[in-house]
Amino acid sequence: MWGTAQPRPYRLLTNVRAMITSSAGHDIIYAHGGKDDFQVCILENGYAYPMGDVDYFTVVLQYSGRFRQQIYTYLSEFARSIDTAAGGFYDTFESAVLPAPQQFDIQQGTFGYDSQWLKANLLAFKSEFAASGALHTKTELEEALSIIFLAMVSEWYYGFGYQGTDTGRRSKWQHRIKLLGLYQVISGQLSPQCASRWSYSIPEQQMSAALRQFCLYDQPYQLIR
């Protein structure tokens, strides 16, 4: 398995949601992790491998020379699908967004809990990937991009401590933080290792400047508690 994290026996996982089976025959799932039910794992031989930023950043970098434009297209499609599912108030690539509806919160039945929507998006991507000529044999990249989509969704649902209590904190950057890291890696600005840690403790002004560089909405967006 291409991830670097310590695997966990599948039988010990809780709140498992199977999302898709890759062309290589590996199931990709959500499961309960340290802080929430949105930890993305890939299964092999009875073990679940949690996938972190550095893992899929590394895979994307390996293919970003020859397939850069196709990767950018998939990432944009993922972002626009999430924008739409959030209810139309959010636009990853615009200079301004509308106020969030008051009922939107990570403990409610919003899009991240809609397994059918998630699966439909992943199946559509898998079909498009399979029809993409030279890309269709790159199953490692297919898996990485599937995981990236789920990880982008996960960013909306951060906010619980290790004991499962609601911390009151919500992501201020949502899935844009994943896109930023990927763009930094693909453009050669940062290594996968550096990009996976870059956003830690970065001031908002510096984060906004980095987002603007890649034509992403550049302001923090605070969801309700």
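Computed from a predicted structure; not experimentally measured.
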Any side-chain heavy-atom pair of [X] and [Y] under 4.5 Å:
| X | Y | result |
| --- | --- | --- |
| Pro9 | Leu12 | yes |
| Ile42 | Ile29 | no |
| Glu140 | Val59 | yes |
| Phe38 | Tyr113 | yes |

Check the side chains of His26 and Glu143 for a donor-acceptor pair under 3.5 angstrom, ignoring hydrogens and angles.
yes
Is a side-chain donor-acceptor pair under 3.5 Å present for Thr4 with Tyr49?
-> no
Of all the heavy-atom pairs spanning [X] and [Y], show the shortest one and how long it is.
| X | Y | value |
| --- | --- | --- |
| Leu145 | Phe78 | O-CE1, 3.3 Å |
| Pro50 | Pro7 | CD-CA, 4.4 Å |
| Ser64 | Leu61 | OG-O, 2.9 Å |

Contacts table for residues 173-188: side-chain donor-acceptor under 3.5 angstrom, sequence neighbours left out:
from, atom 1, to, atom 2, distance (Å)
Gln174, OE1, Tyr90, OH, 2.9
Gln174, OE1, Arg176, NH2, 3.2
Gln174, NE2, Ser171, O, 2.7
Gln174, NE2, Tyr221, O, 2.7
His175, ND1, Trp156, NE1, 2.9
His175, NE2, Thr92, OG1, 2.6
Arg176, NE, Tyr90, OH, 2.6
Arg176, NE, Trp173, O, 3.2
Arg176, NH1, Tyr217, O, 2.6
Arg176, NH1, Gln219, O, 2.9
Arg176, NH2, Tyr90, OH, 3.4
Arg176, NH2, Lys172, O, 3.3
Arg176, NH2, Gln219, O, 3.1
Lys178, NZ, Asp53, OD1, 2.6
Lys178, NZ, Asp53, OD2, 3.3
Lys178, NZ, Tyr56, OH, 3.3
Lys178, NZ, Glu155, OE2, 3.2
Ser187, OG, Tyr183, O, 2.8
Ser187, OG, Gln184, O, 3.3

Residue set satisfying side chain to side chain contact (heavy atoms under 4.5 Å, CB included) with Gln205, at least two apart, ordered chain then number -> none
**Study point:** Flag if over 12 foreign heavy atoms under 6.0 Å of CZ, Phe214
**Key:** yes
Salt bridge (charged side-chain N to carboxylate O under 4.0 Å, His left out) pairs touching residues 63-83, sequence neighbours excluded, are none
Considering only distance and modelled atom types, tabulate donor-acceptor pairs under 3.5 Å from the side chains of residues 192-202, sequence neighbours left out.
from, atom 1, to, atom 2, distance (Å)
Ser196, OG, Pro192, O, 3.4
Ser196, OG, Gln193, O, 2.7
Arg197, NH1, Gln193, O, 3.3

If only atom types and distance count, is the side chain of Tyr157 paired as donor or acceptor with the main-chain N or O of Gly112 below 3.5 Å?
yes
- Task: State whether the side chain of Thr139 and the backbone N or O of Ser23 hold a donor-acceptor pair below 3.5 Å, judged by distance alone.
- Result: no
**Asked** In terms of hydrophobic clustering (I, L, V, M, F, W, Y; side-chain heavy atoms under 4.5 Å; direct or indirect links), are Val60 and Val54 co-clustered?
**Response** no
Exercise answer: donor-acceptor pairs, residues 117-126 side-chain atoms, under 3.5 Å, sequence neighbours excluded:
from, atom 1, to, atom 2, distance (Å)
Asn121, OD1, Ser81, OG, 2.5
Asn121, ND2, Trp117, O, 2.8
Lys126, NZ, Thr21, O, 2.6

Applying ring pair (Phe, Tyr, Trp, His ring centres under 6.0 Å) to Tyr47 and not counting sequence neighbours gives none
